[in-house]
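First comes the structure, then the notes that go with it.
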Amino acid sequence: MSNTLPSEPNATTAHIIKALEWILIPTLFFVIIGSFHIHMMLTAGDWDFWLDWKDREWWIVLSPVVTITFCAALHSFFWKNFRLPIGATFAILALLTGEWVVRITGFHAWSHYPINLVTPATFLAGAVAIDAIFLLTRSMLLTAILGAPVYALLFFPSNWAWLAAFHVPVELHDQVMTVADLIGFEYVRTGTPEYIRMIERGTLRTFGQHSVAISSFFAAFLSSLVYVLWWFIGKSFSSLKYIKERI
Amino acid sequence: MTKHFIKNTCISQRLTSLLACLLLILLVISEAAIAHGERSQEPTLRMRTIQWYDVSWSKDKIEVNDTVIVRGKFKISKNWPNAIAKPDVAFLNISIPGPVFVRTGSFVNGVNMVNSTRFELGRDYEWEVHLKARHPGRWHVHAMLNVEGAGPIIGPGQYVEVTGDHDDFINEISTITGEVINLDTYGLTNIISWHAFWAVFGFCWLAYWLRPPVLFRRYQAVKNGQGDELICKKDRIVAAIMLSLSITITFIGYQWAESQWPETIALQSASSPVEPLPQPEMAFVKTKLIKAIYRVPGRSMEMRIEVTNNTNHSIRLGEFNSATVRFINPNVGLVDDIAKKYPKHLLATHGLTVTGSPLIKPKQTVTLKIVAQDASWEVERLASLIYDPDSRFGGLLFFYNEFNTRYITEIGGTLSPRFI
């Protein structure tokens, strides 16, 4: 990081600025935790809550598409104002912090669900990658074309490292299922009956059994479009024009 | 000024004390919500969809790791309301306060009910759910059927007390690949390791950029048109390294998982067809509703019905069962052990009066006047049926012969209210 800055403030000003930033940055982090977490619950919802919803179609398509939103908006905010290429990582770290707090306290400690049933997906491999691509290209358009697809394509393989164990087959009363299905069946959810799970419903598996690849590339395509849209949403809302009269 | 300030302070102190007292009183008098809101479901839904009967709980007190079996039967009402989605896609569930038990099996007519199924109107099904105790406590365990488009339809509930220690709970199974795993903790180390690794990886990237002071000075530079000078060659090298690392580590993690668990399958989801219980070609007992009224002041429902006995023995009406409430004719009494163990609040042991010809001889057709009267109409919030958009009731009538052989018929129709 370059130290080429316009002017060095005096010691007192620098101290105040530093103190203010120690307040501002965590505050922003908490704001993103709250807003992004609500956004995630309302869009990906059950796909992110439950282990036995993480299928090879919907989960792979939905998750990157609905999370690249805040990444793009924060890219715009941090870059336009501070030349910081950290929007995606900042957003995803905030999201995961909020998710893990809720999964451990609300789902596990309060409602008795085992952690493995309620583990959220991780997006950090893609987040760091898209941040890095953004810095290297320094272009919103190129990041949408190159970075957003990389973000989506890294989603499944980076999660498979912890998820694969739950796709080992088991038998319950002569019926074959995955360990994930079995955990979902055994740990009762009264409000989540089996039939509302959307497991590979659709036509994305047309090409034999390559659902993962098809879904990932479809997610990559959608992510590019959503990235551009949310870049402009981020740009529009990271402005002082809405509070000009009050300053 | 000072006087005014002191006065305000006193008022706010008093208000705070008052609020604290109110909060304390609320904490003392309030009870934990431990049931499932079954009474809040509208009567139409409870009386005319799933007619639960013979529901029983194998035990009411068990230890952690022990199993309780909840079993029973239900008739899918032929009077199913038009306003409620039909059970073309339904899932046999159990209503408990979270996974305080684990469901080790559930069956309808002997078919494994891991998946959803379709039920036929007017037919009977026998079901059971096996629950292994996981958390100590006193838990309300309800039978429940989820119907797509209609939501959960709750059956009767009974308290089951679980003793012991949750730390002793074990939920081991064998995978097809031969591994013995504990579902409660399976994969946790791997989950935590990968999530923690990526979190540290992401945090390193943030830490590289976000070391205060950073925002104010960078903002100033950007606004002065010097933004591009803030990015140096070192930044680009670090970015290239992080990009390479994220892709490489993802690839390594994926390959590692593939080598650790080479045999994996996709999530399973299917519909399991279930045949209903066989029904006799000819109805042994036929019933026809002539008129039904509900008397609001008396909390009683009166029915005039026509009954034809096609059996070879005399029969008597022993019970009217609707929305899990059982109105028992005291002249017949509780016939079986299941009835004797039924939740007391749902059992009106003197709730059914039969006049007319209580003993119906073989091949005889008679008209009976039945009165189902009990506080349950109010307590279980069934009386509000008359305010539903579809004021029709439904239920089962249980007839018995002298050998206690039971004949079940379904009854239903319009219900007229009487307010005085």
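All values reported here derive from a predicted model rather than from experimental measurement. A, B, ... follow the sequence lines: proteins, then strands. Residue 1 opens every chain.
Ranked by non-hydrogen atom pairs under 4.5 Å with chain A, the options Pro99(B), Gly202(B), Ala257(B) are led by Pro99(B). When each of Leu153(A), Ile17(A), Ile92(A), Leu117(A) is checked for heavy-atom pairs under 4.5 Å with chain B, Ile17(A) comes out on top. Most heavy-atom pairs under 4.5 Å with chain A, from the set Gln255(B), Glu258(B), Lys132(B), Glu179(B): that is Glu258(B). Ranked by non-hydrogen atom pairs under 4.5 Å with chain A, the options Thr117(B), Leu92(B), Thr177(B), Asp228(B) are led by Asp228(B). Taking chain A as the reference chain and counting heavy-atom pairs below 4.5 Å, the highest number among Asp184(B), Asn93(B), Val89(B), Asn190(B) is found for Asp184(B). Options Trp53(A), Tyr187(A), Trp160(A) differ in how many heavy-atom pairs under 4.5 Å they form with chain B, and the most are formed by Tyr187(A). Ranked by heavy-atom pairs under 4.5 Å with chain A, the first of Phe107(B), Phe216(B), Phe251(B) is Phe216(B). In terms of non-hydrogen atom pairs under 4.5 Å with chain B, the most contact-rich of Pro114(A), Pro193(A), Ala165(A) is Ala165(A). Ranked by non-hydrogen atom pairs under 4.5 Å with chain B, the options Asn159(A), Ile196(A), Asp131(A) are led by Asp131(A). Most heavy-atom pairs under 4.5 Å with chain B: of the set Val212(A), Leu172(A), Asp174(A), Leu96(A), this distinction falls to Leu172(A). Note: Trp205(B) leads Phe101(B), Trp205(B), Phe203(B), Trp256(B) in heavy-atom pairs under 4.5 Å with chain A. Each of Lys80(A), Arg138(A), Arg189(A), Met198(A) has some count of heavy-atom pairs under 4.5 Å with chain B, and the biggest count is that of Arg138(A).
Put simply, CZ on Phe201(B) and OG1 on Thr89(A) are 8.5 Å apart, with the number rounded to the nearest 0.5 Å. The OG atom of Ser106(B) sits 10.5 Å away from the CD atom of Glu194(A) when rounded to the nearest 0.5 Å. Atoms CG and CD, from Leu183(B) and Glu186(A) in turn, are 5.5 Å apart once rounded to the nearest 0.5 Å. Note: Ser246(B) OG to Leu124(A) CG = 10.5 Å, rounded to the nearest 0.5 Å. One distance of note links CG of Leu146(A) with CG of Leu243(B); it measures 10.0 Å at 0.5 Å rounding.
Applying the salt bridge (charged side-chain N to carboxylate O under 4.0 Å, His left out) test to pairs two or more places apart or on separate chains, none has a residue in residues 9-20 of chain A.
Within a 6.0 Å sphere centred on CD of Glu263(B), heavy atoms belonging to other residues, nucleotides or ligands number 12 at most.
For Leu188(B), the part sitting under 4.5 Å from any heavy atom of chain A is the side chain, from C-beta outward, and nothing else. Proximity to chain A (any heavy atom under 4.5 Å) is restricted, for Ile181(B), to the side chain, taken from C-beta onward. Proximity to chain B is limited to the side chain of Leu24(A), based on heavy atoms less than 4.5 angstrom apart. Residue contact with chain B, scored on non-hydrogen atoms closer than 4.5 Å, involves the side chain of Leu136(A) exclusively. Proximity to chain A involves both the backbone and the side chain of Glu148(B), based on heavy atoms less than 4.5 angstrom apart. Neither the backbone nor the side chain of Ala127(A) comes within less than 4.5 Å of any heavy atom of chain B. Heavy-atom distances place the backbone of Val147(B), and not its side chain, under 4.5 Å from chain A. For Phe156(A), the part lying near chain B is the side chain, with the backbone staying farther off; criterion is any non-hydrogen pair under 4.5 Å. The contact between Thr122(A) and chain B is made by backbone and side chain atoms together, counting heavy-atom distances below 4.5 Å. Looking at Trp261(B), the atoms closer than 4.5 Å to chain A (heavy atoms on both sides) all sit in the side chain, from C-beta outward.
Pairing each heavy atom of Ala266(B) with each of Glu200(A), the nearest pair is CB-OE2, 3.7 Å. The shortest heavy-atom contact between Ile199(A) and Leu267(B) is CG2-O, 3.6 Å. The two atoms that bring Ala132(A) and Ala239(B) nearest to each other are CB-O, 3.3 Å, heavy atoms only. For the pair Thr178(A) and Gln268(B), the tightest heavy-atom approach, listed with the atom from each and the gap, is N-CG, 4.3 Å. Smallest separation of non-hydrogen atoms from Ala164(A) and Thr264(B): O-CG2, 3.6 Å. The heavy-atom pair separating Val179(A) from Thr175(B) by the smallest distance is CG2-CG2, 4.3 Å.
Ring planes of Phe185(A) and Phe91(B): perpendicular class, angle over 60° (limits at 30 and 60°). By the 30° and 60° cut-offs, the orientation of the rings of Trp139(B) relative to His112(A) is perpendicular.
Between the side chain of His173(A) and the backbone N or O of Met113(B) there is no donor-acceptor pair closer than 3.5 Å. A donor-acceptor pair is defined here as one N or O able to donate and one able to accept, closer than 3.5 Å; no such pair exists between the side chain of Asn116(A) and the backbone of Gly187(B). Checking side-chain atoms of Thr250(B) against main-chain N and O of Leu154(A) turns up no donor-acceptor pair under 3.5 Å. No donor-acceptor distance shorter than 3.5 angstrom exists from the side chain of Arg83(A) to the backbone of Arg218(B), with no hydrogens or angles considered.
Across Ile25(A), Leu20(A), Leu28(A), a single residue satisfies side-chain contact (heavy atoms from CB on, under 4.5 Å) together with Leu215(B), and that is Ile25(A).
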- Task: Show your reasoning for whether side-chain contact (heavy atoms from CB on, under 4.5 Å) applies to Leu135(A) and Trp209(B).
- Result: CA-CA 12 Å; Leu135(A) 177 73; Trp209(B) 293 98; 3.8 Å; yes
- Query: Would Leu210(B) and Ile86(A) satisfy side-chain contact (heavy atoms from CB on, under 4.5 Å), going step by step from the backbone distance to the final call?
  - Reply: CA-CA 9 Å; Leu210(B) 278 184; Ile86(A) 57 166; 3.7 Å; yes
- Could you give me the CA-CA distance, side-chain angles and deciding distance for Trp162(A) and His195(B), then say whether ring pair (Phe, Tyr, Trp, His ring centres under 6.0 Å) is met? CA-CA 8 Å; Trp162(A) 68 267; His195(B) 271 265; 5.7 Å; yes
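By the 4.5 Å heavy-atom criterion applied to side chains, Trp194(B) and Leu163(A) are not counted as neighbours. Between His142(B) and Thr190(A) the shortest side-chain heavy-atom distance does not fall below 4.5 Å.
By the side-chain contact (heavy atoms from CB on, under 4.5 Å) test, Tyr219(B) pairs with Asn81(A), Phe82(A), Lys223(B), sequence neighbours left out.
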